[in-house]
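One structure is given here, and the rest of the page talks about it.
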Amino acid sequence: MNYWLLKSEPDAFSLADFVTEKTTVWNGVRNYTARNYLKKMEIGDLCLFYRSVVKPAVIATCTVVKPFYQDPTTDNPAWVAVTVELNAIFEQEVPLTLIKQTPELQKMLLLKMSRLSVQPVTEAEWDIIHRLGN
DNA sequence: GCCAACGTTGGC
DNA sequence: GCCAACGTTGGC
């Protein structure tokens with residue numbers, strides 16, 4: 001069981017879209033570091049759904065339901081996608097500002113590699129964020 | 001809208 | 001293989 005954080009700009013794919021579709025193909029990743037993390041995802045892994053750019057915050061959780069496969073948006077075999085299913089929406093959003101203020105979360109990659117769209121999260125970090133959101 | 005951080009590209 | 005130039009991401 002692994003934990004991850006997935007970023008999405010609401011203009012591209014919003015929580016409302018996720019609610020409508022329930023499951024979504026996480027495609028379009030064109031960064032090797034992020035791609036490598038996608039390849040490590042297994043069925044049942046839990047992900048934090050992070051809204052970037054517009055009011056940055058962790059806003060929901062989702063579950064990996066299909067491990068990596070060829071990204072359907074390209075023929076280039078370098079790129080892969082996974083399928084994730086919406087799990088739960090946080091009762092209250094966990095804004096980036098709060099994460100920055102939380103001592104236990106200072107080591108999150110989110111704070112160090114702000115441009116990485118797919119990143120691992122430790123179980124401890126997942127627990128803390130989950131608690132802050134519920 | 002600005003700009004810092006980072007990744008990628010391409011000339012040498 | 002180095003590094004400058006450029007493009008993109010994402011916080012503010």
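Side chains included, hydrogens not; waters and symmetry mates left out as well; all remaining heavy atoms used. First the proteins, then the strands, lettered A, B, ... as listed; each starts at 1.
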Within residues 25-33 of chain A: residues closer than 4.0 Å to DNA chain B (heavy atoms): A:Asn31, A:Tyr32
For A:Tyr69, all residues meeting side-chain hydrogen bond (donor to acceptor under 3.5 Å, both in side chains), sequence neighbours excluded: A:Thr83
Partner set under salt bridge (charged side-chain N to carboxylate O under 4.0 Å, His left out) for A:Asp45, not counting sequence neighbours: none
Which residues share a side-chain hydrogen bond (donor to acceptor under 3.5 Å, both in side chains) with A:Asp17, sequence neighbours left out: A:Ser14
For A:Trp4, the rest of its hydrophobic cluster, which grows through side-chain links under 4.5 angstrom: A:Leu6, A:Phe13, A:Leu15, A:Phe18, A:Val19, A:Trp26, A:Val29, A:Tyr37, A:Leu38, A:Met41, A:Phe49, A:Ile59, A:Val64, A:Phe68, A:Val80, A:Val82, A:Val84, A:Leu86, A:Ile89, A:Leu109, A:Met113, A:Leu116, A:Val118
Kindly list each side-chain donor-acceptor pair under 3.5 angstrom involving residues 95-107 of chain A, sequence neighbours excluded, with atom names and distances?
| unit_1 | atom_1 | unit_2 | atom_2 | d |
| --- | --- | --- | --- | --- |
| A:Thr102 | OG1 | A:Leu98 | O | 2.8 |
| A:Gln106 | NE2 | A:Lys100 | O | 2.8 |
| A:Gln106 | NE2 | A:Thr102 | O | 2.9 |

Residues within residues 98-113 of chain A bordering DNA chain C, heavy-atom distance below 4.0 Å: A:Lys100
Residues forming a salt bridge (charged side-chain N to carboxylate O under 4.0 Å, His left out) with A:Arg51, sequence neighbours excluded: A:Glu93
Pairs touching residues 78-90 of chain A that satisfy salt bridge (Lys or Arg N to Asp or Glu O under 4.0 Å), sequence neighbours left out: none
Within residues 124-134 of chain A or reaching into it, pairs that qualify as salt bridge (Lys or Arg N to Asp or Glu O under 4.0 Å) - sequence neighbours excluded: none
Side-chain donor/acceptor of A:Gln70 to backbone N/O of A:Asn76, under 3.5 Å: yes
Contact letters for nucleotides 1-10 of chain C, in which S counts primed atoms plus P, OP1 and OP2 and B counts the base, heavy atoms under 4.0 Å: ------BBBS
Residue pairs, two or more places apart or on separate chains, that pass salt bridge (Lys or Arg N to Asp or Glu O under 4.0 Å) and touch residues 61-77 of chain A: A:Arg30-A:Asp71
